[in-house]
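Read through the structure below, which is laid out as structure tokens, and then see the notes.
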Amino acid sequence: MTAITVLVIAVALIAVVTLAKAVRIVPQQRQDVVERLGKYKRTLNPGLNLLVPFIDAVRTKVDMREQVVSFPPQPVITSDNLVVSIDTVLYYKVIDSVRATYEISNFIQAIEQLTVTTLRNVIGSLDLERALTSREEINRHLSGVLDETTGRWGIKVTRVEIKAIEPPPSIRDSMEKQMRAERDRRAAILNAEGHKQAQILTAEGEKQAAVLRADGDRQARILQAEGQAKAIRTVFDAVHQANPSQKVLAYQYLQALPQIANGTANKVWIVPAELTKALEGMGGALGGLSRMVGDQPAPEAADHASAVEREAAEAAQAAAAAAQEIHDEVRVAEAQATGGTQQGLPAPEPVSPANLVNDPADQRERG
């Protein structure tokens, strides 16, 4: 009975092993390559598959998903004899599991070596500056070469990316200095342009301000001139409408003479000899005002007339003193100019206040 039990157990084990080898469950996104007696038989797709036990065997299990491989940095020489280190990343996908199994033994290693050689060919035809700025061009070239070569292996290279291009440390220092100098140059240019624009705006503002000031000054002068013209016209009309007599005009002239003589800017006066005669004539005019035809003072204005005569006498006296002072200054100026060798203008006869107020003709009549 023991032998029968052992035989049953052996048969059961053989059945279990046979069943396990006959049934194969393949997960999603994977294909299994099956060989029968060492020769390719078929490819198992995802799901439940049956095999011939002890005759069919699974050679490889191929993952059909997109894979990513990062290659270590590779030294590459540029066209200007600089050694740079390039780090790349490769994205690929198996599209034919049979060719990926039988066409090449290790497609990952083959892709890595193909990428390195292609990089050396591409980077070797470029200088450092162009290699640093032409990553898109390098990626397209690598993708084209790898896709064309790996197509017969059942591999599809979807994308190639260059992670980093590292130049030597000395070159990096030089590049940093160059970049710093370029940025300083751009900053200086921008600063100069800003200063230029500021000066232009300032000049335009000053120009507009000057124009506005000149326009305002012109308007002010025009208004001032119009005001002066209106004032002169008003005074002129008022004088003509009032029709003042000769005695009033003579009295105003006598009051203006001291102000003319007291001018600080009048250093030298040229006094004509007829001035004294004019003053005597004015004095005579003032003396005979009371006897002018049609200009006799009223009895009730006698006191006011006497006050006017006193003011006229004082004004005449001040005018005579001013004329005498002017005459003295003229004599001194002539003596200094000629050195005492030439005779100056003849001195006019001194004028007394009495002569200005009392008319000689009136005195003769009284005598």
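Start at 1 with the first residue, then count along the sequence.
When side chains are defined from C-beta on, Arg130 does not count as touching Ser79, because their heavy atoms never get closer than 4.5 Å. Side-chain contact between Val68 and Tyr92 is absent, with no heavy atoms from C-beta onward closer than 4.5 Å. Residues Tyr91 and Val69 have side chains not in contact (no heavy-atom distance under 4.5 Å, counting atoms from C-beta outward). You'll find the side chain of Thr78 stays beyond 4.5 Å of the side chain of Leu126, heavy atoms only. With a 4.5 Å cut-off on side-chain heavy atoms, Thr158 and Lys156 count as touching. Inter-residue side-chain proximity for Ile162 and Asp87 is flagged as unmet; no heavy-atom pair is nearer than 4.5 Å. For the pair Lys230/Glu226, no side-chain contact is recorded, criterion being any heavy-atom separation below 4.5 Å from C-beta on. Under the 4.5 Å side-chain criterion, counting only non-hydrogen atoms from C-beta, Glu161 is in contact with Arg159.
With Ser125 contributing its side chain and Val122 its backbone, the two residues share a donor-acceptor pair below 3.5 Å. Side-chain atoms of Asn139 come within 3.5 Å of backbone N or O of Arg135 as a donor-acceptor pair. Ser143 places no side-chain N or O within 3.5 Å of a backbone atom of Arg140 that could act as its donor or acceptor partner. A donor-acceptor pair under 3.5 Å is formed between the side chain of Asn121 and the backbone N or O of Thr117.
Taking Leu48 as the reference, Val23, Ile25 meet the side chain to side chain contact (heavy atoms under 4.5 Å, CB included) condition, with sequence neighbours excluded. Applying the salt bridge (Lys or Arg N to Asp or Glu O under 4.0 Å) rule to Glu129 yields no partners; only residues at least two apart in sequence or on another chain are considered. With sequence neighbours excluded, no residue forms a salt bridge (Lys or Arg N to Asp or Glu O under 4.0 Å) with Arg120. Considering only residues two or more places apart in sequence or on other chains, Lys21 meets the salt bridge (Lys or Arg N to Asp or Glu O under 4.0 Å) condition with none of them. For Thr43, the side chain to side chain contact (heavy atoms under 4.5 Å, CB included) partners at least two apart in sequence or on another chain are Gln31, Tyr40, Ser97, Val98. Legend: residues meeting side chain to side chain contact (heavy atoms under 4.5 Å, CB included) with Ala110, ordered by chain and number and at least two apart, are Ile104, Trp153. For Ile14, the side chain to side chain contact (heavy atoms under 4.5 Å, CB included) criterion is met by Thr18, not counting sequence neighbours. Annotation: ring pair (Phe, Tyr, Trp, His ring centres under 6.0 Å) contacts of Phe71 (sequence neighbours excluded): none. Every residue two or more places apart in sequence or in another chain was checked for a salt bridge (Lys or Arg N to Asp or Glu O under 4.0 Å) with Asp127, and none qualifies.
In this structure, CG in Leu142 is found 7.5 Å from OG1 in Thr88, a value given to the nearest 0.5 Å. For the atom pair Leu212 CG and Asp217 CG, the distance stands at 12.5 Å (nearest 0.5 Å). How far CG of Leu128 is from OG1 of Thr133: 9.0 Å, rounded to the nearest 0.5 Å. Rounding to the nearest 0.5 Å places CD of Gln228 at 11.5 Å from CG of Leu223.
The hydrophobic cluster containing Val26, built from Ile/Leu/Val/Met/Phe/Trp/Tyr side-chain heavy atoms closer than 4.5 Å, also comprises Val34, Leu44, Leu51, Val58. Cluster partners of Val52, using a side-chain heavy-atom cutoff of under 4.5 Å among ILVMFWY residues and allowing indirect links, are Leu37, Ile55.
The environment of Arg218 atom CZ is dense: over 12 non-hydrogen atoms of other residues, nucleotides or ligands sit within 6.0 angstrom. Within a 6.0 Å sphere centred on CD1 of Ile77, other residues, nucleotides and ligands contribute 12 heavy atoms or fewer. In the displayed structure, Gln219 atom CD is contacted under 6.0 Å by more than 12 heavy atoms of other residues, nucleotides or ligands.
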> Where do Val157 and Leu90 land on the side-chain contact (heavy atoms from CB on, under 4.5 Å) test, with the steps shown first?
Replying inline: CA-CA 8 Å; Val157 177; Leu90 179 66; 3.4 Å; yes

> Are Tyr102 and Asp96 close enough, and set up right, to give a side-chain contact (heavy atoms from CB on, under 4.5 Å), and what steps lead you there?
Replying inline: CA-CA 10 Å; Tyr102 294 104; Asp96 192 344; over 6 Å; no

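Heavy-atom minimum distance, Lys93 versus Met64: CE-O, 3.5 Å. In terms of heavy-atom proximity, Pro167 sits nearest to Val84 at CA-CG1, 3.9 Å. Taking every heavy atom of both residues into account, Ile138 and Ala131 meet most closely at CD1-O, 4.0 Å. Closest approach of Leu146 to Thr115, counting heavy atoms only: CD1-OG1, 3.5 Å.
Between Arg30 and Asp32, at least one side-chain N (NZ, or NE/NH1/NH2) sits under 4.0 Å from a carboxylate O, which counts as a salt bridge. Ion pairing between a basic and an acidic side chain is recognised when a charged N comes within 4.0 Å of a carboxylate O; Arg59 and Glu35 show such pairing. A salt bridge between Asp184 and Arg180 is absent, with no side-chain N of the basic residue lying under 4.0 Å from a carboxylate O of the acidic one.
Using modelled atom types, one finds a donor on one side chain and an acceptor on the other under 3.5 Å when comparing Thr60 with Thr101.
Put simply, Phe107 and Val116 are part of two different groups of oily side chains (I, L, V, M, F, W, Y) that touch within less than 4.5 Å, one to the next. Note: the hydrophobic cluster containing Val145 does not contain Leu119 (ILVMFWY, side chain heavy atoms under 4.5 Å, direct or indirect links).
Between Met179 and the options Lys177, Glu182, Arg183, a side chain to side chain contact (heavy atoms under 4.5 Å, CB included) holds for only Arg183. Exactly one of Thr150, Ile155, Asp63 qualifies for a side chain to side chain contact (heavy atoms under 4.5 Å, CB included) with Val94. That residue is Ile155.
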Please tabulate, for the side chains in residues 192-206, all donor-acceptor contacts under 3.5 angstrom to protein atoms that are two or more places apart in sequence or on a different chain.
| residue | atom | partner | partner atom | Å |
| --- | --- | --- | --- | --- |
| His195 | NE2 | Gln199 | NE2 | 2.7 |
| Thr202 | OG1 | Ala198 | O | 2.7 |

